[in-house]
Amino acid sequence: MKAGRKTKRELLEEIVELRRRIAEMEEPAKNKAGGSQGKVSAEACIDTLTGLPDRSAFHNYVKHAVAQAARRRQILSVLFFNLDRFKLINDSLGEMVGNLLLKEVAERLKYCMRKSDILARPGWDEFMILLPEIARVEDATVVVERIFDALQSPFQLNGQEFFINASIGISLYPHDGSDPASLINNAYTAMKRAKEEGKNNFRFYSPNINSRAIKSLLMENNLRMAFKREEIDLHYQPQIDIASGRIIGQEALLRWTHPEMGPVPPEEFIPLMEDIGLTSSLSEWVVQNACDHNMECQKNGIRPMRVAVNLSSRQLHQKDLVATISRVLKETGLDPELLELEITESDIVRNIESTSKTLNLLNKMGVQIAIDDFGKGYSSLSYLRYFPLNKLKIDKLFVDAITTDHNNAAISTAIVTLAHSLKLGVIAEGVEQVEQLEFLRGLQCDAVQGFLFSRPVPADQSLQLLTDKKHFDLDRSAEGYGCADFDRFWLNRRELATGIFP
Ligand code: C2E
Ligand code: CA
Ligand code: CA
């Protein structure tokens with residue numbers, strides 16, 4: 001018989017489905033009251049710990065969603081989520097703490113999903129997610145990334161902090177099955193594979209979709225070697241005081257140039273570095289190099305100026321961040337006031353309690369804090385009053401069309417006014433055109449940064465730039481904007497249009 005060849009999980013699925021059918025037959029009235037087809041009776045199918053739908057309810061939701069997707073010719077996705085090392089926590093700290101963790105995980109997962117998505121808990125340390133309305137395969141990975149992001153900050157259990165990882169498997173309708181059992185099973189198989197490949201990972205069930213994931217795995221191996229091979233580097237972009245034209249600081253920006261692949265954008269390799277557990281080493285390396293470079297400039301007679309270092313969300317929430325920064329400052333001898341940390345708005349509001357603690361400690365040391373990409377984050381502005389901040393950075397997005405788009409001009413104007421009324425500095429980034437500079441000057445923005453003055457350049461060129469050019473003549477004259485060597489650092493329009501690497 002065919003059943004003889006079924007896996008244990010398939011048999012379990014069948015039993016669950018049979019149970020559900022029996023329950024439906026026994027309680028027809030209740031099910032009808034549930035509303036539209038495929039909806040499940042609330043009391044019977046809920047996981048008592050989290051209040052989420054259980055396996056049988058989830059099964060029904062998938063069935064309903066598949067029917068709808070088939071009618072609308074859409075794709076949908078099922079995610080199978082499993083906590084890594086849950087057993088260890090449960091065994092060592094007891095079931096009560098284990099249960100607390102599961103509840104907290106359920107809460108965080110809820111925030112990663114849209115209203116139409118379904119989160120369920122089939123049992124133990126597993127969760128299942130139905131994404132009934134995805135436009136592209138990549139949309140499933142967006143949710144997965146959001147989940148990994150949500151798990152980044154530590155869990156407070158029994159007065160202690162725990163970092164939790166998870167493995168996720170993804171199946172897709174119609175690629176990987178057209179009934180709930182196949183979609184759930186295939187997502188489960190993919191989750192198992194993700195676990196085998198090193199936990200805190202995700203896999204698609206379809207091998208062809210995985211080839212993209214494999215590409216990123218290959219990149220991961222390259223990345224592990226990159227530090228050793230000295231392929232990773234910091235470039236520096238000057239920041240200019242808009243009133244005097246003086247260079248008042250530099251932003252340090254990471255670069256990775258792979259011998260075959262060439263330059264890899266920081267937005268691609270930094271998250272990957274963090275995924276493979278290099279967050280702490282990365283922070284230390286960047287802060288160390290930026291401070292070293294700053295001291296080197298001072299030793300070469302350059303007047304002390306600030307160096308800005310970017311911090312990602314994971315870096316900001318890394319446990320030893322303050323200790324690392326403090327140690328590097330002591331070792332290099334850099335005045336803490338000359339170190340500025342750039343943090344994005346969304347990262348700052350993600351975990352207010354721990355962010356506030358970190359920022360206050362850094363502030364006590366004298367380290368400066370700037371909010372990067374300000375205005376892009378749609379968050380409440382009330383946090384501005386609670387954190388020890390020094391500067392807002394107007395994002396390139398607003399600067400781009402500042403002279404042509406009324407909304408962008410209004411937002412930039414509001415940011416400058418807001419910054420000044422809160423006694424914060426304000427700098428605009430991504431300034432490429434003279435017209436943008438003029439507009440920002442009219443707003444009394446304090447400083448500017450962008451390709452108009454210089455692209456980010458390697459450390460030696462940055463020292464050269466600071467030696468040759470302490471000051472940009474920003475006054476419009478008959479010759480245009482200033483002295484001859486200023487023009488050397490101007491880029492022609494063609495270069496501006498061709499990417500960001502020098
Ligand atoms: P960001 O902090 O917003 O950095 C500004 C980006 O805009 C940089 O891209 C810079 O090269 C680019 N840029 C500056 N002026 C102009 C301009 O006039 N025109 C144009 N088109 N672009 C301009 P980059 O270096 O590729 O960095 C991208 C992002 O990567 C950064 O955005 C930052 O979020 C992240 N990043 C870079 N270095 C680090 C780092 O050391 N640590 C962390 N955590 N993130 C970093
Ligand atoms: Ca930045
Ligand atoms: Ca930015």
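Counting begins at 1 with the first residue of the sequence. Start at 1 and go down the list; that is how both ligands and their atoms are numbered.
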Worksheet item: Say you draw a straight line from CD1 of Ile270 to CG of Leu278; how long is it, rounded to the nearest 0.5 Å?
Response: 12.0 Å
Worksheet item: When you measure from the side chain of Gln436 to the backbone N and O of Gln433, does any donor-acceptor pair fall under 3.5 Å?
Response: yes
Worksheet item: ligand 1 versus Glu429, non-hydrogen atoms closer than 4.0 Å: side chain, backbone, both, neither?
Response: side chain
Worksheet item: Just checking, any donor-acceptor pair under 3.5 angstrom between side chains of Ser283 and Gln318?
Response: yes
Worksheet item: Can you list the ligand 1 atoms lying under 4.0 Å from a non-hydrogen atom of Asp373?
Response: 3 (O)
Worksheet item: Is there a donor-acceptor contact under 3.5 Å from the side chain of Glu104 to the main chain of Phe155?
Response: no
Worksheet entry | Ligand-residue contact atoms, ligand 1 with Pro266, heavy atoms, under 4.0 Å | 24 (P), 26 (O), 27 (O), 28 (C), 30 (O), 37 (C)
Item to complete: Indicate whether any N or O donor in one side chain lies under 3.5 Å from an N or O acceptor in the other, for Glu251 and Gln449.
Response: yes
Response to the item:
A student comparing Arg255, Glu267, His235 should find that the heavy atom closest to atom 25 (O) of ligand 1 comes from Arg255
Worksheet item: Is Thr344 touching ligand 1 with its side chain, its backbone, both, or neither, if touching means heavy atoms under 4.0 Å apart?
Response: neither
Fill in: Glu251: numbered ligand 1 atoms lying under 4.0 Å from its heavy atoms
2 (O), 4 (O)
Worksheet item: Between Gln250 and Ser462, is any side-chain donor less than 3.5 angstrom from a side-chain acceptor?
Response: yes
Worksheet item: To which of Glu274, Gln449, Gln237, Lys396 does the heavy atom nearest atom 15 (N) of ligand 1 belong?
Response: Gln237
Worksheet item: So, Asn360 side chain and Ser356 main chain: donor-acceptor pair closer than 3.5 Å or not?
Response: yes
Worksheet entry | Under 3.5 Å side-chain donor-acceptor pair for Glu435 and Thr403 | no
Worksheet item: Has Arg455 got its NZ or CZ under 6.0 Å from the middle of the six-membered ring of Phe451, at an angle within 45 degrees of the ring axis?
Response: yes
Worksheet item: When you look for heavy atoms under 4.0 Å from ligand 1, do you find them on the side chain of Ile270, its backbone, both, or neither?
Response: side chain
Discussion item. Restricting to distances shorter than 3.0 Å, give the number of protein N, O or S atoms close to the Ca ion (ligand 2).
Written reply: 4
Worksheet item: Who's closest to atom 16 (C) of ligand 1 heavy-atom-wise, of Phe269, Phe451, Phe453?
Response: Phe451
Fill in: Subset of ligand 1 atoms that lie under 4.0 Å from at least one heavy atom of Gly450
15 (N), 18 (O)
Worksheet item: Do Arg146 and Tyr111 meet the cation-pi criteria used here (NZ or CZ under 6.0 Å from the six-membered ring centre, within 45° of the axis)?
Response: no
Worksheet item: With a cut-off of 6.0 Å (strictly less than), are more than 12 heavy atoms of other residues, nucleotides or ligands near CD of Gln156?
Response: yes
Practice prompt. Run down the list Leu254, Leu341, Asn310 and name the one with the heavy atom closest to atom 33 (C) of ligand 1.
Written response: Asn310
Worksheet item: Between Arg255 and Asp233, is there a donor-acceptor pair closer than 3.5 Å when you use the side chain of the first and the backbone of the second?
Response: no
Response to the item:
The atoms of ligand 1 lying under 4.0 Å from a heavy atom of Pro456, numbered in the order shown, are 11 (O)
